[in-house]
Amino acid sequence: MNEPTIEDYYSEDRKFAPSADFVAQALTADQSLYEEAAADRLAFWARQARELVTWFEDFDTVLEWELPFAKWFVGGKLNMSYNCLDRHVEAGKGDRVAFHWEGEPGDTRTITYADLLDEVSRFANVLKDLGVHKGDRVCIYMPMIPELPVAMLACSRIGAPHSIVFGGFSSDALADRINDAEAKVLITSDGGYRRGDPFALKGTADTAVAATDSIEHVVVVQRTGQDVAWNDVDVWWHDLMADASPDCPPESLDSEDLLYLLYTSGTTAKPKGIMHTTGGYLTQVAFTHKYVFDLHPDDDVYWCAADIGWVTGHSYIVYGPLANGCTSVMYEGTPDTPRPEHREGDRASWPKDRLWDIIERYGVTQLYTAPTAIRTFMKWGAQEVEPHDLSSLKVLGTVGEPINPEAWMWYHTYIGGETCPIVDTWWQTETGGHMITPMPGVTTTKPGSAVGAIPGVDIEVVDDAGNPIERGGGYLTISEPWPAMLRGIWGDPERYKETYWSTYEGRYFAGDGAKIDDEGYLWLLGRVDDVMNVSGHRISTTEIESALVDHPSVAEAAVVGATDATTGQAIVGYVILRGGNEASAELAEEIRGHVATKLGAIARPRAVFLVPDLPKTRSGKIMRRLLRDVAEGRNLGDTTTLADASVVDEIRDRAAEAPQED
Ligand code: PRX
């Protein structure tokens, strides 16, 4: 066997099998899907495509593969919005609720499939009247309001790819994305509600539009009623919708027609426009949404608490759930903003229980959220959860980063009532849908492990030379094309090849480290640039973070490898304490020792800084680059994508005061 390339210091012995009750009602509870896919992967995906998707014309070829360019379900004709709306209404389910939408101020809308079809058809006609044709790009910059999925589905109805830019991005970021895609129309709103107050969006959109040439019209939804400047290109959503016909037959589109672009960061400053097409993407998101969440659409109330501005929202708030005809919750605001009737005194004394309140009121059955959110809930404490009846929950999901075992256990205990299977889903903007995850009725899970690939997806962990390894650590690769895979980077096929297909020949390189434990369970170790090399040992930041968070006083932790003359890199930890703990040199020392106890002396951090907060992007990812700069005493680079730039100053001050080991 090969020497492991990433050493493994963490071992997790706890295991959780699905309960007998869960297994009895599960859609799949044995190995049959895995066996079917292993026997004939393409036949497996073809069956899913024909069962889960309605085609106007059947496909003739399952896959055309000219590495690295894939075409799935070639010759097939379909329409995404038809699959998400019309076919459910035609099947007599028009009265089923598609979205229980809740605004942050407590206003609600109940939107049935028939309502959604009506609005989508009308807005599709609006787009046509504005001169949008098949293939034209439409940029969307909106808060979490129902008009956002309406706009997406209307685009898909007429074959105009959308490019959604998360509402927290700056005008520069928006302008860059509009320009790269040469979008013809921008859809935005006056603003939205967040953290108890209205925020403005239209002004930022105006600044961006002034820096672009391609936008012909800006459609503005009125959400808050705040004053907005008005330009020649601007039109109100409600004015256009008032006169629009609800009759708009869906276009018959090719399986490989572009469905959307979604920009994501790479290693250079220029964001990459990830391209997703129609038939393969729809098949994989519908399949995974159904089986990974054990969806029973007649009974369930599913909730993905992400923002539609990220891929998680595209695939698992809009396209997967609607294709499967299920009822979802959609929420506009933040989890620490209660309904107005529960806001007494200053903000600090408000309850932080909005999510639990929503789950209880709507009887949510599946909750899908991110580890960073779970750690925040831990920090707020179980007393926020305990007053609420969460017994409707059946399956819990996580996505976005490795989940440390302690956060997994907290989720399991306090949210899942020790009965809900947890699906830790690994995937990327580029993969379009889930790739690695437990199946809730099948898999015995271990806290912190995403376990293994879904049926029909082939992954391999490889060593430095690109050779697959059976056990130990290495680099995560995908060895066969999959239906929802990105079809390229908009306008830059060379960058597509170079970024994903050049590191290991014939393989998609995900950029993540992974290890396979002695029982064959897969553990994600974070981005490879987050893997440290200390005295020739490769250690994952994630493992150290797990060990730090395992200490009873620690709420959240981030670890970076700082350059060190002797050891190559040295481990530096930044720690937020749980409420009720005083920061002190003794406590920092105790926490360093705790890591050494959990993982071994090699993993003892050179320094642990006790800090009030961590620098995060607006999407909640910790900005390790800034922490590395602080650890190495460098001047800070670009901090414009930070949610709160003052955090870094505080951290730098604390780091300057704290003792460090030589
Ligand atoms: O490093 C992996 C991490 O998030 C990256 C993809 O980020 P993005 O394209 O923004 O998509 C996030 C939502 C799908 C991956 O390369 N990641 C995502 N899910 C997990 C994860 N790391 C560990 N475990 C996960 N479940």
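In listed order, ligands and their atoms are each counted from 1. Just so it is clear, the values below take in all heavy atoms, side chains as well, and ignore hydrogens, waters and symmetry mates.
- What sits closest to atom 23 (C) of ligand 1 on the protein, heavy atoms only, is Pro402 N, 3.0 Å.
- Between Gly400 and ligand 1, a contact under 3.5 Å exists for at least one N or O pair.
- In this structure, Arg14 pairs ionically with Glu406, as a charged nitrogen and a carboxylate oxygen lie closer than 4.0 Å.
- The contact set between ligand 1 and Asp424, taken as ligand atoms under 4.0 Å from a residue heavy atom, comprises 24 (N), 25 (C), 26 (N).
- For Phe99, the ring-ring contact (aromatic ring centres under 6.0 Å, His included) criterion is met by no residue, not counting sequence neighbours.
- Of the possible donor and acceptor atoms, none in the side chain of Arg487 sits under 3.5 Å from a partner among the backbone N and O of Phe69.
- Looking from atom 25 (C) of ligand 1 to the surrounding protein, the closest heavy atom is Glu401 O, 3.5 Å.
- Of the protein's non-hydrogen atoms, the one nearest atom 10 (O) of ligand 1 is Lys621 NZ, 3.2 Å.
- Note that CG of Leu27 is 6.0 Å distant from NZ of Lys290, once rounded to the nearest 0.5 Å.
- Protein heavy atom closest to atom 13 (C) of ligand 1, with residue, atom name and distance, is Thr312 OG1, 3.5 Å.
- Shown are Trp427, Trp426, Tyr291, Phe287; of these, the ring-ring contact (aromatic ring centres under 6.0 Å, His included) with His434 is made only by Trp427.
- Between Lys71 and Glu256, none of the side-chain N atoms (NZ, or NE/NH1/NH2) sits under 4.0 Å from a carboxylate O, so this pair counts as no salt bridge.
- Distances below 4.0 Å separate heavy atoms of Thr425 from the following atoms of ligand 1: 19 (N), 20 (C), 25 (C), 26 (N).
- Taking the ring-ring contact (aromatic ring centres under 6.0 Å, His included) definition, one finds that Phe22 meets it with nothing, sequence neighbours left out.
- Near Val399, meaning under 4.0 Å from any of its heavy atoms, are these atoms of ligand 1: 13 (C), 14 (C).
- A salt bridge does not link Asp13 with Lys446: none of the charged nitrogens is closer than 4.0 Å to a carboxylate oxygen.
- Counting atoms of ligand 1 from 1 in the listed order, those under 4.0 Å from a heavy atom of Asp512 are 1 (O), 2 (C), 15 (C), 16 (O).
- At a heavy-atom distance under 4.0 Å, no atom of Thr437 approaches ligand 1.
- Note: an N/O pair closer than 3.5 Å links Thr429 and ligand 1 by distance alone.
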